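Protein chains get the first letters and strands the later ones, always in sequence-line order, with residue 1 at the start of each. On a predicted model such as this, the values are computed, not experimentally measured, just so you know.
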Protein chains: 2
Amino acid sequence: MSESLRIVPQPMRRQVEEGLRAAIVNGRFAPGEHLPDRVLCDLFGASRSVVREAVRLLEAEGLVTVQPNRGPFVAHLSPEEAAQIYDVRGVLEALAGESFARHATDGERAELRAVWEDLATRGPGASREDLLAIKRRFYDVLLAGARNAYVARMLDQLLNRNMQLRATSLSDPGRLAWTVKELKRVLDAIDRRDPDETFIACREHVQRAADVALRLLATHSPSPDAEPPS
Amino acid sequence: MSESLRIVPQPMRRQVEEGLRAAIVNGRFAPGEHLPDRVLCDLFGASRSVVREAVRLLEAEGLVTVQPNRGPFVAHLSPEEAAQIYDVRGVLEALAGESFARHATDGERAELRAVWEDLATRGPGASREDLLAIKRRFYDVLLAGARNAYVARMLDQLLNRNMQLRATSLSDPGRLAWTVKELKRVLDAIDRRDPDETFIACREHVQRAADVALRLLATHSPSPDAEPPS
DNA sequence: ATTGTCAGATTGACTGACGATCGTGTAGAA
DNA sequence: TTCTACACGATCGTCAGTCAATCTGACAAT
């Protein structure tokens, strides 16, 4: 853990990339919205080269889709895509949990349980932001203990991709209690050093979250907002 | 399936991107090799803007790593990373198989079995290229029938990432017979419409391939080639 | 031998420019 | 009035050139 002390001046490109990503996942840009590079340029005060490179990265992450000769658009999340994302999230999170059960240190296990207890003691009055932040910490600890950089990167992408849906599903009344109960099963499996059971518990947890989110998505907004291109 | 007939002139950027990716996965560039954008420019006859955007995409895929102020390098695959990639591949392929068992049409099931029979009837004298091509077709059919664009994209990335290892493990004498037998278990599970068994069979297949590849990697080249930077 | 300095090479970023392409609105014809 | 064709604007794709910051390696000085 000899963390390098050298400071790296964050390149302009990375600032644009992170700013744009944050703006998209926080909903400051509506899905389907057109983002001409001109407006991105003077929004971030950067040149076209920088903006275009940043857009390429977000395109690879799936957050924006670039139509030829028309430019970048905020990606639209259809119910089918959402279901697919949850499927992938399920197996990746299951793998992360399984790896955590295998490789995590005692300190990391204790830390994960601490985060869970933080979540469990929140009343139902907690704000969406708080809940998302706690779940974020949960994932951070989980992925750190899983010792697998690839599953961490891919899961990060997927969590960014369906941030809006997670916010809605977390705000569902009564969902918090189920989340706490499902995660307890994960924690118990981890403490019993049972990777297989951890795998199953994690995947099932995501499946439940997907059911809630997709049900909300189907009933609450039967007709999506922006135009599905082509 | 009304595929649009209109041809879109592939942008220069995409040509550079695909050419560079092909050059890396085919081993025309050694791992750890430095790729100054100057040489990429007159190698592809493109301007710096185009090359840099293409490099961004490959960076997001993990095929190249860009060191600040030093430029892009062909990514180096450590044994630990290889093991992590195989872990992720295992669950993603398992999910793809499970989805295939759930959603594929009868035609797709027959097609998958045809590809498998093609692989099974090859004698041990088949060339690496042929075997890789057949496995490629197997994956294409599998992913098409899985009805999940995300698992397809991520699996594609991972397969590109460890192409070299796959080539070595496929060339291992006797491995072909085991591969055929393991895939038969997958096919049988699919034909029995048993998603859970398909999941397990796929994951185990990848695990076996990982064991072979990592064993070869450990014994055949105990000290990697290029310098691990920093 | 260690340190300091300098030149060359390379990246990061910006700017201006040009043609190609898409969408749209308008003018003209039926 | 309705429909078609064309022109126009907006935007993208690409390029070339410039400048500053940084790294590398060699060479000189202590």
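Rounded to whole Å, atom P of dG19(C) lies 17 Å from atom CE of Met12(B). When rounded to the nearest whole Å, the span between NE2 of His34(B) and C1' of dT24(D) equals 11 Å. Taking atom CZ of residue Arg38(A) and atom C1' of nucleotide dA10(D), one finds them 12 Å apart after rounding to whole Å. Atom CG of Asp37(A) and atom C1' of dT15(C) are 14 Å apart (whole Å). Separating the CD atom of Gln67(B) from the C1' atom of dA21(D) is a distance of 17 Å, rounded to the nearest angstrom.
Note on Arg70(B): every side-chain N or O is 4.0 Å or more away from OP1 and OP2 of dG12(C).
Classification of Glu98(A) and Arg203(B) as a salt-bridged pair holds, one side-chain N sitting under 4.0 Å from a carboxylate O. Taking a cutoff of 4.0 Å between a charged side-chain nitrogen and a carboxylate oxygen, Asp156(A) and Arg136(A) qualify as a salt bridge. The residues Asp211(A) and Arg215(A) are annotated as not salt-bridged, no charged nitrogen and carboxylate oxygen being separated by less than 4.0 angstrom. Comment: Glu17(A) does not engage Arg56(B) in a salt bridge, judged by the lack of any side-chain N to carboxylate O separation of less than 4.0 angstrom. The pair Glu18(A)-Arg21(A) does not count as a salt bridge, with every side-chain nitrogen at least 4.0 angstrom from each carboxylate oxygen. Taking the charged nitrogens against the carboxylate oxygens, Asp118(B) and Lys135(B) have no contact shorter than 4.0 Å, which rules out a salt bridge.
Across residues 44-55 of chain A, Arg48(A), Arg52(A) each have a non-hydrogen atom less than 4.0 Å from an atom of DNA chain D (numbered order). At a non-hydrogen distance threshold of 4.0 Å, nothing from residues 56-66 of chain B comes into contact with DNA chain D.
Closest approach of Pro31(A) and Val74(A) over heavy atoms only: CA-CG1, 3.8 Å.
The side chain of Asn69(A) lies closest to dC12(D) when the candidates are dC23(D), dT14(D), dC12(D).
Between Leu183(B) atom CG and Leu142(B) atom CG the span is 9.5 Å, to the nearest 0.5 Å.
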